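Data block below; observations after.
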2 protein chains.
Amino acid sequence: MSRSNNHVVLTLRQKILSGELAAGTRLAEIPTAENLGVSRTPVRIAFRALEQEGLLTKLPRRGYEVRTVSTSEIEGAVEVRGVLEGLAARQAAERGLTEHQRQMLQSLLDQGDALVLNGTTVTEAALEQYQQINKQFHDIIIEAAQNPAIQAALSRSEHLPFASASALAFDPNNMAHESKRFAFAHQQHHHVFYAIIQGLGTRAEGIMREHANATFGFIHGPRNEHNLTIINGSENP
Amino acid sequence: MSRSNNHVVLTLRQKILSGELAAGTRLAEIPTAENLGVSRTPVRIAFRALEQEGLLTKLPRRGYEVRTVSTSEIEGAVEVRGVLEGLAARQAAERGLTEHQRQMLQSLLDQGDALVLNGTTVTEAALEQYQQINKQFHDIIIEAAQNPAIQAALSRSEHLPFASASALAFDPNNMAHESKRFAFAHQQHHHVFYAIIQGLGTRAEGIMREHANATFGFIHGPRNEHNLTIINGSENP
DNA sequence: ATTCTAATTATTGGATCCATTATGCAGTTT
DNA sequence: AAACTGCATAATGGATCCAATAATTAGAAT
C-alpha cells in the first residue's frame, strides 16, 4: 500500500539523483508511464511532487524536465542548510539530548574522524560511508531539536546536495582532492555543533554567536583554530 | 489554464486559512469533489499538495484532516522564518539592493511606523494592513537575497503564521492587546533588518551577530534599546 | 449480554476515456 | 523564396470507471 503508494515518486527520484536521468532531460507523462509500466495518474502525481521538491521544472505545454541546478543554487541550498542546522543545534542544546542521542553523536564523530584523518587518499567507498555518517549526525541533531518546522523547511531542498554530488562526480580527480578538504572542514563543523550542544546549555545568545562563527567558518572558508578555541573554551569554562 | 490549473488548491487553502475549514476537520475526496463541483482527480492532487505544505495530514485509510497546529509548532515555524530571513538579510546586504527595493523598504518602514505608533487601539483593519506591509517587507528582502533555496525552504511553512493568526482570532480582546505589543516588536525587527542591509555591507560576521541579537530580541522577548543602539552604532561608524 | 465473525459499505489508488489546447508541419499565396 | 494560415497531431487536465482494502455494523453464537 504505502510501498506502491509513492512507488513512482521513489523510482523517479532515484533515477534523477543517480544521474540516470540527466539534468535537462524532458519527461512527458505518457512515455514515462509506459516506461515504468503504470498508468498516467501516478506519474502525474509524481511529477507534481518532484516539482515541489525542486527536482523537476514544469514546461508550459511540454511536460517537465529534470532541473538543472547551478552551482550558485547549490551554494544557496548549503547556506540554508547551514542556518537551519545551526538553529537545530541551538534548540537541541536548549531541550537537551537523550543519553542515546549523545552516545550516537559521539560515536559518529569518532567514525568520521577515523575516516577523515586516517587515509591519505579518498576512496569512493569512504566517501559513501562519510555521507552516511554525515546524514546520521545531522538527522540526530534535527531530531533532538524537536522542531518539525526545521524538517519541513529542509524537505524542499534536502536532495539538492546529493544532486550536486552526482553533478560534481564528473571529474573524479578533482572530486577526490576537493572532497578531502571538504570532509575535513565538515568534520570540524560537526565538532563545533557537538560542542555547542554539549557545552553551552541554554545560553542562547552565546550559542548563536558561536553558531555564526561556526557557520561562516564552514561556508565562507576553511575552519580556523580560533573559532574552535572559543567553542572549546566555552565548553569547559 | 494556470488558473484552473491549481484552482482547487487555491480554494481549499483559502478555506483552511480563513478558518472556514476548522482544524481537525476531516476531508474525504468524494464529498470535497462534489462540494467544489469538480471530479476526484484534481482534489486528490490538491490534497497531496496541501499535505506537502503542512496544511493537511493524511489519515491511513480515512482521507485527510485539516492539521491542528500547536502553539509550539507555530513558535517553531516562527523561529525557522527568523533564521531564514536573517540569512536573507545578510545575503541581501552582500548582493546589494536596487534603488527601487531600497525605496520600497523605506516606504514600508514609514507606513508601518505610522500604523504602529499612531493609534492607541488596534483595529482589525489596521492589523490587516500591517500584515500586508509585513509581507511586502519580507518579500523584498528575500527577493534581494537572490537565493531561491530560501524561498523553497519557506514554502512549506509560510502559511503557518497565518493559520496561527486565525487560530488566535478566537479571543479578539486578547488579540488586540497582544498584537499591539507584537506589532511594535515586529516593527523594531524591521528596522533592525533594514539597518543590517543598509549599513553593514558585506561584513558578514558582524551582521550575523547583530542578526542573532535581532532574532533573539524578537523571539525571546521584547526588543530592548541596547540592541538597537549597537545596530545604529554600526550603521554610522 | 458480550464477543467474534462475516458481510457490506465507504474510501482510496490506479487505469482509461474525453475534451481542450498548443505546437508543428505543410501547403498555398504573395 | 518566404511568410502566413490552417489542419493535424500530441500532450495535458479533468472525469469516470474498476479494483483492492479497511472499517464499521449487524447478526449469531457462546
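For clarity, every value in this text was computed on a predicted model and none was experimentally measured. The sequence lines fix the lettering, A, B, ..., with proteins before strands; numbering per chain opens at 1.
In this entry the distance linking CZ of B/Phe47 with C1' of C/dG13 reads 14 Å, nearest Å. The separation between B/Leu59 atom CG and C/dG13 atom P is 12 Å, rounded to whole Å. In this structure, A/Glu34 atom CD and D/dA11 atom C1' are separated by 13 Å, rounded to whole Å. Protein atom CG of B/Leu36 is 19 Å distant from nucleotide atom P of D/dG13, rounded to whole Å. The CD1 atom of B/Ile30 sits 12 Å away from the P atom of C/dG13 (whole-angstrom rounding).
In terms of phosphate contacts, A/Lys58 brings a side-chain nitrogen or oxygen within less than 4.0 Å of OP1 or OP2 of D/dG13. At least one side-chain nitrogen or oxygen of B/Arg48 sits closer than 4.0 Å to the OP1 or OP2 atom of C/dG13. Contact annotation: A/Arg26 side-chain N/O to D/dA11 OP1/OP2 distance is not under 4.0 Å.
Nucleic acid contact for A/Ile45: none, since no nucleic acid atom lies under 4.0 Å from a heavy atom of the residue.
A donor N or O paired with an acceptor N or O is not found under 3.5 Å between the base of C/dG13 and the side-chain atoms of B/Arg61. A donor-acceptor contact under 3.5 Å is not formed by the side chain of B/Arg44 with the base of D/dG14.
In this structure the side chain of B/His138 never reaches within 4.5 angstrom of the side chain of B/Leu154, judged on heavy atoms. Residues B/Leu55 and B/Val66 fail the side-chain proximity criterion, which asks for heavy atoms closer than 4.5 Å. No side-chain heavy atom of B/Thr25 sits under 4.5 Å from any side-chain heavy atom of B/Lys15.
Here the nucleotide nearest the side chain of A/Ala28, chosen from C/dA15, C/dT12, D/dT12, is D/dT12. Side-chain proximity of A/Ser39 to the nucleotides D/dA15, C/dG14, D/dG13 is greatest for C/dG14. In this structure, of C/dG13, D/dA15, C/dA15, it is C/dG13 that holds the atom nearest to the side chain of B/Glu29. Listed candidates were C/dT11, D/dC18, C/dT16. Nearest to the side chain of B/Arg40 is D/dC18.
Between B/Thr32 and B/Ala28 the shortest heavy-atom distance is OG1-O, 2.5 Å. Considering all non-hydrogen atoms of both residues, A/Leu59 and A/Glu65 come closest at CD1-OE1, 4.0 Å.
Map A/Val38 and B/Arg62 each onto its nearest nucleotide of DNA chain C; the residue landing nearer the 5' end is B/Arg62.
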